[in-house]
Trainee: 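Could you have a look at this structure, given as structure tokens, before my questions?
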There are 2 protein chains.
Amino acid sequence: MTIYKGILDHISRYVELSDSEIKEFISILKTTRVKKRQFIVQPGFVSEYRNYIVEGAVRVYYLDDLGKEHTIIIAIEDWFFTDFYSYLNRTPAEYYAEALEDSLILQMKYEDVEELCSKIHSLSQYFRLFTERSMAHSYKRTISNISKTSEERYWEYVNKYPQIANRVPQYVLASYLGISPESISRFRSRS
Amino acid sequence: MTIYKGILDHISRYVELSDSEIKEFISILKTTRVKKRQFIVQPGFVSEYRNYIVEGAVRVYYLDDLGKEHTIIIAIEDWFFTDFYSYLNRTPAEYYAEALEDSLILQMKYEDVEELCSKIHSLSQYFRLFTERSMAHSYKRTISNISKTSEERYWEYVNKYPQIANRVPQYVLASYLGISPESISRFRSRS
DNA sequence: TTTTCTCCTTGATAAAGGTCAAGCCTTTTT
DNA sequence: AAAAAGGCTTGACCTTTATCAAGGAGAAAA
């Protein structure tokens with residue numbers, strides 16, 4: 001089965017691309033395999049690519065002044081990830097993107113995406129609609145962060161994304177939720 | 001001066017619209033004046049509009065199970081707001097949008113925006129590029145929420161948005177940051 | 001002008017969660 | 001097979017912040 005099936009299915013949830021448009025889109029995709037613990041994005045380097053996960057898992061995180069890790073994105077199959085700020089502004093990344101498992105990803109360069117979006121109206125529509133939906137999701141995450149207790153947020157995530165919760169190390173999930181691993185152990189032992 | 005100047009300037013930071021495209025865009029805008037404390041969005045009603053603030057200030061908030069307010073968006077001139085989830089999915093809103101001051105807003109219906117974006121490529125590009133930038137901003141807010149202390153986050157916001165901080169009631173800012181008003185008083189008295 | 005309401009501050013107390021250390025179990029590396 | 005590393009759990013202790021109550025000051029309403 002073609003490795004592009006996932007991303008083409010993803011696109012078809014939003015818009016319809018013609019065969020020639022699909023061919024053009026595929027032509028800008030770079031297939032990349034990464035090993036567990038390998039970095040796809042590192043601070044100091046411009047995040048040139050927007051990345052889609054065909055298979056595997058990746059997290060995006062940064063280190064605070066004390067060297068403590070804070071995970072911003074946990075991405076699995078069919079999810080996108082990048083240091084979005086660096087990608088959009090062409091500035092050096094502040095975040096790391098690290099493979100949590102051996103992974104297969106599709107990478108698309110900022111310039112290629114921008115050129116193709118200005119050429120293909122439907123592709124621009126796809127990214128607009130998809131990003132708007134992501135924005136709505138992000139608001140929900142913000143709400144959770146400012147209004148719920150740490151324990152509520154932990155169980156909410158576990159219930160909503162059980163496959164992810166069971167697949168990533170607990171310290172990564174802790175880091176993503178802004179909770180210490182010790183607290184998560186205590187929450188788990190209480191239920 | 002035309003009340004559309006602000007939003008047209010905003011658009012021109014991203015794309016260039018022709019005169020006829022500008023006319024078409026303006027034709028879908030509904031001018032609305034709201035008084036302080038008036039609601040623009042309320043739970044139970046579909047959020048039909050995406051709103052731009054020409055003048056004034058608005059906050060979007062929801063009430064948790066205990067009736068406590070949690071502010072998700074504080075918007076002033078040149079900012080957009082809506083219950084994005086309701087707006088995109090055509091489902092009843094879960095949030096309130098309330099004017100913090102007498103305000104002048106431009107409202108655009110979901111159907112009108114979608115129709116115009118499928119017709120005008122540059123408009124689709126505008127919303128795509130703008131929403132991507134908002135997404136990058138949202139990540140930064142998430143980072144702040146999961147990695148900083150309440151006090152750090154308070155001062156960070158005050159330093160970054162002094163005009164907003166000085167313009168909205170302290171309890172609104174507290175609600176937005178997920179901090180109690182009493183804690184903010186204590187932070188302020190410590191510095 | 002007077003009364004009412006809103007917003008903010010301060011004191012006292014309690015709870016949530018972080019931090020540090022130690023130990024155990026599983027996985028990975030040698 | 002053995003050693004090392006990674007990940008998780010538990011105990012003890014501490015800090016941060018929330019909650020509740022009370023009061024004051026300023027703004028808004030009557």
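Labels below follow one simple rule: chain letters A, B, ... track the order of the sequence lines, proteins then strands, and each chain is numbered from 1. Keep in mind it's a predicted model, so treat the numbers as computed, not measured.
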Trainee: So, is B:Ser183 close to the D:dT16 phosphate, meaning a side-chain N or O under 4.0 Å from OP1 or OP2?
Mentor: no

Trainee: Verify the contact: side-chain N or O of B:Lys68 to OP1 or OP2 of D:dA18, cut-off strictly under 4.0 Å; return yes or no.
Mentor: no

Trainee: Got a donor-acceptor pair under 3.5 Å from the side chain of B:Glu182 to the base of C:dC8?
Mentor: no

Trainee: By the 4.0 Å heavy-atom rule, please label A:Tyr154 as base, sugar-phosphate, or nothing.
Mentor: nothing

Trainee: If you check the B:Tyr171 side chain, which of C:dG18, C:dC8, D:dG7 turns out closest?
Mentor: C:dC8

Trainee: Within the structure, does a side-chain N or O atom of A:Ser150 lie under 4.0 Å from either OP1 or OP2 of C:dA16?
Mentor: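 The answer is no; no side-chain N or O of A:Ser150 sits under 4.0 Å from OP1 or OP2.
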
Trainee: Are B:Ile143 and A:Leu63 connected, step by step, through hydrophobic side chains (Ile, Leu, Val, Met, Phe, Trp, Tyr) whose heavy atoms are closer than 4.5 Å?
Mentor: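 Result: no, two separate clusters.
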
Trainee: Quick one, A:Tyr96 and A:Glu69 - any side-chain contact, counting heavy atoms below 4.5 Å?
Mentor: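 Not in contact.
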
Trainee: Are OP1 or OP2 of C:dT19 and a side-chain N or O of A:Ser180 less than 4.0 angstrom apart?
Mentor: no

Trainee: Using whole Å, report how far NZ of B:Lys148 lies from C1' of D:dT17.
Mentor: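 Taking NZ of B:Lys148 and C1' of D:dT17, I get 18 Å after rounding.
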
Trainee: A:Glu101 CD to C:dT27 C1': how many Å, rounded?
Mentor: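 Distance, rounded to whole Å: 15 Å.
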
Trainee: Calculate the interatomic distance between A:Ile184 atom CD1 and D:dG7 atom P; express it in whole Å.
Mentor: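 Checked: the CD1 to P distance equals 14 Å.
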
Trainee: Classify the side-chain pair A:Tyr154/A:Arg188 by whether it contains a donor and acceptor separated by less than 3.5 Å.
Mentor: yes

Trainee: Using atom NZ of B:Lys35 as one end and atom P of D:dA28 as the other, report the distance to the nearest whole Å.
Mentor: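 Result: 13 Å.
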
Trainee: Is the shortest side-chain N/O distance from B:Gln170 to OP1 or OP2 of C:dT9 below 4.0 Å?
Mentor: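 So the side-chain polar atoms of B:Gln170 do come within 4.0 Å of the phosphate oxygens OP1 or OP2 of C:dT9, strictly under.
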
Trainee: Expressed as a whole number of angstroms, how long is the span from A:Lys36:NZ to C:dT28:P?
Mentor: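 Computing the A:Lys36:NZ to C:dT28:P distance gives 6 Å.
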
Trainee: Rounded to whole angstroms, how far apart are CZ on B:Arg190 and P on C:dG11?
Mentor: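 Result: 13 Å.
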
Trainee: Quick one: A:Phe187 CZ to C:dA15 P, roughly how many Å, whole number?
Mentor: 16 Å

Trainee: Using the ring centroid of each side chain, check whether B:His70 and B:Tyr62 are separated by less than 6.0 Å.
Mentor: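 Aromatic pair counts; centres sit under 6.0 Å.
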
Trainee: For B:Phe80 together with B:His10, are the ring centres under 6.0 Å from each other?
Mentor: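 Yes; B:Phe80 has its ring centre under 6.0 Å from that of B:His10.
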
Trainee: Between A:Ser185 and D:dC8, is there a side-chain N or O to OP1/OP2 distance below 4.0 Å?
Mentor: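 Looking at the OP1 and OP2 atoms of D:dC8, neither is under 4.0 Å from any side-chain N or O of A:Ser185.
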
Trainee: What is the separation between atom CD on B:Glu98 and atom P on C:dT6, rounded to the nearest whole Å?
Mentor: 12 Å

Trainee: Do the side-chain N or O atoms of B:Arg188 get closer than 4.0 angstrom to the phosphate oxygens (OP1, OP2) of C:dT9?
Mentor: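 Yes, within the criterion.
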
Trainee: For the side chain of B:Arg186 and the base of C:dG11, is some donor closer than 3.5 Å to an acceptor across the two?
Mentor: yes

